[in-house]
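First the structure, in the form of structure tokens, and then the observations on it.
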Amino acid sequence: MAKIEVVRGADTDWSQDYAANGYRTQGDVRSSRVSPAEFSLWLVRAELADGATIEWPSTHGDESVFVVSGGFDIDGRTCPPEGAAVIEADVAVTGRAVGPTSIVHVGPTDPAQPVDGLNGAPSPDGHGVHVVGPRGTYATTDAEGSDSHYYADSTCPTCRITLLHVGREQPYVSAPHCHSQDELIHLISGSIFLGRQELVPGDTLAIGADVRYGFRGADTGFRFLNYRRDASFQSWPDDRPHRMEGGLANGLEPVMDLIESA
């Protein structure tokens, strides 16, 4: 793929077959893959009727399901709208829609957990499922019109996934920068501009590691998900120092909106 590629949600076909390999479904489920075919990360949108299920295979990487609407019951807990479930590597589990449900499901092409990243190798034991509410684990709590929060920031002892929600309610322009990991950015609402290209809800932006980019938000704001497989550094073209990324590293507050087992 190109160093930066836009995949349009409107151009992807919906299918009754699940758009990621190895997953079994029951009930009325349709999905589409909104990520480049030749990329290290994948993203699937899925719509499930009430009671429909998705069964994880026994071999898979660290993955996450973001609930756009409805509810997703997994491991005895229901993930609400705007929440996310982190399914750690090789955990065999089944998720069930609670009411008509729309999700965004992300994962790595390589199912093996990274072992040589900035935070080292995760523990091979004790893997499970984290269910995180809409406020996330670390969040900005005092910036009016800004809603940045992590659902996972690659610091968990047993997984290395990063899933970040970024939202603005006013005009915003990001400084040109790059990350040391491949990433996917998926628009949930509003729009952003990459040069002359406008990304709208349902679109995905795939960016290779160390590729510099910047974007401009619509005047009315935007919200997107940012997914990476492992911890990363953020860098700028000027003399600012590289910055390790993560909840505490980025100065966010620990809110730990975790949903416990029933």
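Just so it is clear, the structure is predicted and the values come from calculations on it, not from any experiment. Heavy atoms only: backbone and side chains are in, while hydrogens, waters and symmetry mates are out.
- For the side chain to side chain contact (heavy atoms under 4.5 Å, CB included) with Leu43, the qualifying choice from Val34, Ile185, Val7 is Val34, the only one to do so.
- Side-chain atoms of Glu82 and Arg223, non-hydrogen and from C-beta on, do get closer than 4.5 Å to each other.
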Test Tyr150 against Asn250 for side chain to side chain contact (heavy atoms under 4.5 Å, CB included), laying out the working first. CA-CA 11 Å; Tyr150 284 93; Asn250 285 12; 3.3 Å; yes
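- Leu164 places none of its side-chain heavy atoms less than 4.5 Å from the side chain of Leu225.
- When all heavy atoms of Leu258 and Val132 are compared, the pair lying nearest together is CD2-CG2, 4.0 Å.
- Tyr227 is connected to Ile188 through a chain of hydrophobic side-chain contacts under 4.5 Å among Ile, Leu, Val, Met, Phe, Trp and Tyr, so both are in one cluster.
- Side chains of Glu47 and Ser102: no donor on one and acceptor on the other come within 3.5 Å.
- Heavy atoms only, all atoms of each residue included: Ala89 and His127 are closest at O-ND1, 2.9 Å.
- For the residue pair Asp230 / Ser154, no side-chain donor-acceptor distance below 3.5 Å is found, with atom types taken as modelled.
- Remark: side-chain polar atoms of Thr101 are paired, donor with acceptor, to backbone N or O of Gly99 under 3.5 angstrom.
- Inter-residue side-chain proximity for His186 and Val104 is flagged as met; some heavy-atom pair is nearer than 4.5 Å.
- Judged purely by distance below 3.5 Å, without hydrogens or angles, the side chains of Tyr213 and Glu183 pair a donor atom with an acceptor atom.
- Between Phe224 and Phe222, the ring-plane angle classifies as parallel under the 30° and 60° cut-offs.
- Ring geometry for Trp42 against Tyr23 counts as perpendicular: the plane angle is over 60°, on a 0 to 90° scale with 30° as the lower cut.
- Between Arg33 and Ser31 the shortest side-chain heavy-atom distance does not fall below 4.5 Å.
- Using modelled atom types, one finds a donor on one side chain and an acceptor on the other under 3.5 Å when comparing Asp182 with Ser40.
- For Glu198, the CD atom sits in a packed shell: over 12 heavy atoms of surrounding residues, nucleotides or ligands are nearer than 6.0 Å.
- For Arg77 (side chain) and His130 (main-chain N/O), no donor-acceptor pair under 3.5 Å exists by modelled atom type.
- Here the side chains of Leu48 and Ile103 are in contact, with some heavy-atom distance below 4.5 Å.
- A salt bridge between Asp62 and Arg160 is absent, with no side-chain N of the basic residue lying under 4.0 Å from a carboxylate O of the acidic one.
- When all heavy atoms are compared, the tightest approach of Pro108 to Gly61 is CG-CA, 3.9 Å.
- Between the side chains of Thr155 and Asp153, at least one donor-acceptor pair of N or O atoms lies under 3.5 Å.
- In the hydrophobic cluster analysis, where Ile, Leu, Val, Met, Phe, Trp and Tyr join through side-chain heavy atoms closer than 4.5 angstrom, Val131 is grouped together with Val67.
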Please evaluate residues Ser148 and Arg168 with respect to the criterion side-chain hydrogen bond (donor to acceptor under 3.5 Å, both in side chains), reporting the C-alpha separation (whole Å), side-chain torsions for both, the decisive distance (0.1 Å), and the verdict. CA-CA 8 Å; Ser148 295; Arg168 299 290 188 272; 3.3 Å; yes
Walk me through whether Phe72 and Val65 qualify under side chain to side chain contact (heavy atoms under 4.5 Å, CB included). CA-CA 9 Å; Phe72 197 64; Val65 169; 4.1 Å; yes
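- Heavy-atom minimum distance, Asp147 versus His149: OD1-ND1, 2.9 Å.
- Here the closest heavy-atom approach between residue Arg8 and residue Leu199 is recorded as NH1-CA, 3.8 Å.
- Between atom CG of residue Leu184 and atom CD of residue Glu5 there is a gap of 10.5 Å, rounded to the nearest 0.5 Å.
- Between the side chains of Gln16 and Arg30, not a single donor N or O lies within less than 3.5 Å of an accepting N or O.
- Here the straight-line distance linking atom CZ of Arg24 with atom CH2 of Trp56 works out to 13.5 Å at 0.5 Å rounding.
- Cluster annotation: Leu163 and Val68 are assigned to the same hydrophobic cluster (Ile/Leu/Val/Met/Phe/Trp/Tyr, side-chain heavy-atom contacts under 4.5 Å, transitive).
- Remark: Thr109 OG1 to Arg229 CZ distance equals 9.0 Å, nearest 0.5 Å.
- For the side chain to side chain contact (heavy atoms under 4.5 Å, CB included) criterion with Ile74, the lone passing option out of Ile54, Thr53, Thr94, Ile87 is Ile87.
- Here the straight-line distance linking atom CD1 of Ile259 with atom CG of Asp257 works out to 6.5 Å at 0.5 Å rounding.
- Side-chain atoms of His105 and Glu63 include a donor-acceptor pair closer than 3.5 Å.
- Arg228 and Glu245 are joined by a salt bridge, as a carboxylate oxygen and a charged side-chain nitrogen come within less than 4.0 angstrom of each other.
- A side-chain donor from one of Thr158 and Glu88 sits under 3.5 Å from a side-chain acceptor of the other.
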Test log, rule side chain to side chain contact (heavy atoms under 4.5 Å, CB included), inputs Ser180 and Asp210: CA-CA 5 Å; Ser180 61; Asp210 301 318; 4.0 Å; yes
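- Residues Ile161 and Val86 meet the side-chain proximity criterion, which asks for heavy atoms closer than 4.5 Å.
- Using a 4.5 Å cut-off between side-chain heavy atoms of Ile, Leu, Val, Met, Phe, Trp and Tyr, with links allowed through other members, Ile4 and Val166 fall into the same hydrophobic cluster.
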Passes side chain to side chain contact (heavy atoms under 4.5 Å, CB included), His242 versus Trp236? Steps please. CA-CA 7 Å; His242 298 336; Trp236 294 265; over 6 Å; no
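- Shortest non-hydrogen contact noted between Val211 and Lys3 is CG2-CB, 3.7 Å.
- Note: Tyr172 and Phe215 have tilted aromatic rings, judged against thresholds of 30 and 60 degrees for the angle between ring planes.
- Between Pro201 and Asp203 there is no side-chain heavy-atom pair separated by less than 4.5 Å.
- One finds the CZ atom of Arg96 at 14.5 Å from the CD atom of Glu55 (value rounded to the nearest 0.5 Å).
- Rounded to the nearest 0.5 angstrom, Leu252 CG and Tyr138 OH are separated by 10.0 Å.
- Using a 3.5 Å distance cut-off with no hydrogens or angles, the side chains of Arg212 and His177 do not pair a donor with an acceptor.
- Between Val44 and Tyr18, the closest side-chain pair of non-hydrogen atoms falls below 4.5 Å.
- Partner of Leu187 under the side chain to side chain contact (heavy atoms under 4.5 Å, CB included) criterion, chosen from Val200, Ile192, Thr204, Leu205: Ile192.
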